[in-house]
Engineer: 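Next up is a structure, given as structure tokens.
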Amino acid sequence: MSNSVRVRFAPSPTGFLHVGGARTALYNYLFAKKHGGSYILRVEDTDEERSTEESMKMQIQDMTWLGLHWDEGVDPSTFGDKGDNGPYRQSQRRDTYKQYVDRLLESGKAFYCFMTEEQIDQKREQLKAAGLPLQLKSDYRDMSLEEAKAKLAEGEAAVVRFRIPDQNKEYTFNDLVRGEVTANSDAVGDFAIVRASGMPVYNFVCAVDDALMKITHVLRGEDHLNNTVKQIMILEALEMNLPEFGHLSTILGPDKSKLSKRHGATSCDQYRHMGVLPEALLNFIALLGWSHPEGEEVFSLKNLEENFSSDRLNASPAVFDETKLKWVNAMHLRKLSGEQLWAEIQPHLDQAGLSFDKSSEWKAKALELFKPYMELLSDSVNLFAPLDDSKFAIAEEATEALTWESSPVVLQTWLEILRSHGGETLSEEDFSEAQNKIKKDATVKGKFLFMPIRVGIIGKPHGAELKILVPLMEKSSLIERAEKALEKAKSLQS
RNA sequence: GUUCCCUUCGUCUAGAGGCCUAGGACAUCGCCCUUUCACGGCGAAGACACGGGUUCGACUCCCGUAGGGAACGCCA
């Protein structure tokens, strides 16, 4: 029944949340929403060396930032358990795993293996030399449990391995994104399910937990495709229910190799700091391997929840194109109200040391003006910098305009108009009038009129429309700037 | 080495045998708007990896080849 759908995202806490992980999380989340099911967050921290509490918290924070909230799993605020199928951190489920390991051991479907690393390496070399698949068949696969336990009692170290069937067996399953996938049992060796330390290994815990947590659909990265057979074997050996599987394509870098750090930013955290909105990131990654039924390119999470379906998932790998991400971000930026946008850019302005003690009307107006120029929230820094008096400077590329013969006159006239102006600020009309007056008095037009004024206002030859920019500025500030530009212009004349 | 997966414009993709003269989006280029830049509007250029089948007909189905990716761990 559709309302019993249960999916999970199961990251291992060994670093930041990668955009690929975020996409897997997103698709699982959407799949649950679409079917009115549950979305579970399980933490796969069985690697005691690499897993850290810190990573888990960062990843949880990133997922929360993205707005991908889960129904069950590690609680995002207390980091305890939320839901009835916990604990949700595999490191806390060792007792549970032990029962299932024992079952396999007792039924002879798993065994203790005492091979040393050297012995295993040697065996692999032999297989390689013979041109055979690198699938290990342990020397201990037929040792009785009693005998093995005796060896254990003597203090010998052993891992537990799953016993691969002797005769080749074919496994096929219907992959949600790839259709029928077939694999043979001889494509895998006697794989380890418990380390010598007693901590079980991924393929085992993953399979067992999916069954125990009643997961119905497993949507995960393509890199797990080959693991699926192992997990099916475990589940069958334990007579547990099999979930359905769906293997998502890999996300590639611009050079078409798997997206990695050398390609630049790969973590959600990095994109957040660059000034990408969570919904924009979600929007963009959703399109990496999935397409909207209506062909829409810009949409909200809500829209995604309503329109997602796994049959529009694409099996081929996709290149992560930052240029398009920025465009998507720009589109989302523009949908925000002035108040919302200001809240988003505030941290970026703070970081750049810009501060504006202005009314919310002023902020909204300024933002309305700057929106079309923004792709990333961090672009606000360059946009707003001209409005911060403490940051005013005549830019290098502005000097040419100041060397024109007519420029000092233009600036002088502009200054006089400002000084004789009554109010504290200039309206758009005031500025238009001013421009016309300068045009007449200084007898200049075109860029000779326009450019020096611009430089006298923002210190740069390019930028937003002055008629909207000027009303955002204090007259006193305009005067000060014009004076600086005039001074510079005069010095350049000689 | 072995196995598995993938292959439509530069990039993301639409396409479930005739609707395809292969559609859209980003990027690129041109024009318009604009006394700057951007936004916006209009337009251009740009792809079915290759070879065999199957079929009246193939981007769509099958088989090979090539290319790319992944897996073969006491990592997940």
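Chain A is the first sequence line, chain B the second, and so forth, proteins listed ahead of strands; every chain is numbered from 1.
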Engineer: Which part of the nucleic acid, if any, lies within reach of R312(A) when heavy atoms closer than 4.0 Å are counted: base, sugar-phosphate only, or nothing?
Structural biologist: sugar-phosphate

Engineer: Return the nearest nucleotide to the side chain of Q135(A); candidates are C72(B), A71(B), A38(B).
Structural biologist: C72(B)

Engineer: With a 4.0 Å heavy-atom cut-off, tell me which residues in residues 313-321 of chain A come close to RNA chain B, sorted by residue number.
Structural biologist: N314(A), A315(A), S316(A), P317(A), A318(A), V319(A), D321(A)

Engineer: Mark yes or no for a side-chain to base donor-acceptor pair under 3.5 Å between K258(A) and A70(B), with no hydrogen or angle criteria applied.
Structural biologist: no

Engineer: Would you indicate what L288(A) reaches in the nucleic acid, counting non-hydrogen atoms under 4.0 angstrom: base, sugar-phosphate, or nothing?
Structural biologist: sugar-phosphate

Engineer: For a quick check of understanding: with a heavy-atom distance under 4.0 Å over all strands, which category does K256(A) fall into, base, sugar-phosphate or nothing?
Structural biologist: sugar-phosphate

Engineer: Consider only side-chain N and O atoms of H224(A) and N227(A), and report whether a donor and an acceptor are under 3.5 Å apart.
Structural biologist: yes

Engineer: Run the ring-ring contact (aromatic ring centres under 6.0 Å, His included) test on Y112(A) and F162(A) for me, step by step, so that the C-alpha distance in whole Å, both residues' side-chain angles and the decisive distance to 0.1 Å come before the verdict.
Structural biologist: CA-CA 9 Å; Y112(A) 284 104; F162(A) 189 82; over 10 Å; no

Engineer: Please list, for nucleotides 62-64 of chain B, all pairs of protein and nucleotide N/O atoms separated by less than 3.5 Å.
Structural biologist:
none

Engineer: How long is the line joining CG of N283(A) and P of C26(B), in whole Å?
Structural biologist: 13 Å

Engineer: So what does H224(A) hit on the nucleic acid, given a heavy-atom distance under 4.0 Å: a base, only sugar-phosphate, or nothing?
Structural biologist: base

Engineer: Need one value for G295(A): base, sugar-phosphate or nothing, where a base atom within 4.0 Å counts as base even if backbone is also close, heavy atoms only.
Structural biologist: nothing

Engineer: Contact class for E44(A) vs. all strands (heavy atom < 4.0 Å): base, sugar-phosphate, or nothing?
Structural biologist: sugar-phosphate

Engineer: Give me the residues of residues 375-385 of chain A where at least one heavy atom lies under 4.0 Å from an atom of RNA chain B, by number, or none.
Structural biologist: none

Engineer: Name the nucleic acid region contacted by R50(A), choosing base, sugar-phosphate or nothing; use a 4.0 angstrom heavy-atom cut-off, strictly under.
Structural biologist: base

Engineer: Does any N or O donor sit under 3.5 Å from an N or O acceptor when you compare the side chain of N227(A) with the base of A71(B)?
Structural biologist: no

Engineer: Remember a base hit wins even if backbone is also touched, and classify G189(A) as base, sugar-phosphate or nothing at under 4.0 Å, heavy atoms.
Structural biologist: nothing

Engineer: Can you find an N or O donor on one side and an acceptor on the other, under 3.5 Å apart, linking the side chain of Y373(A) with the base of C37(B)?
Structural biologist: yes

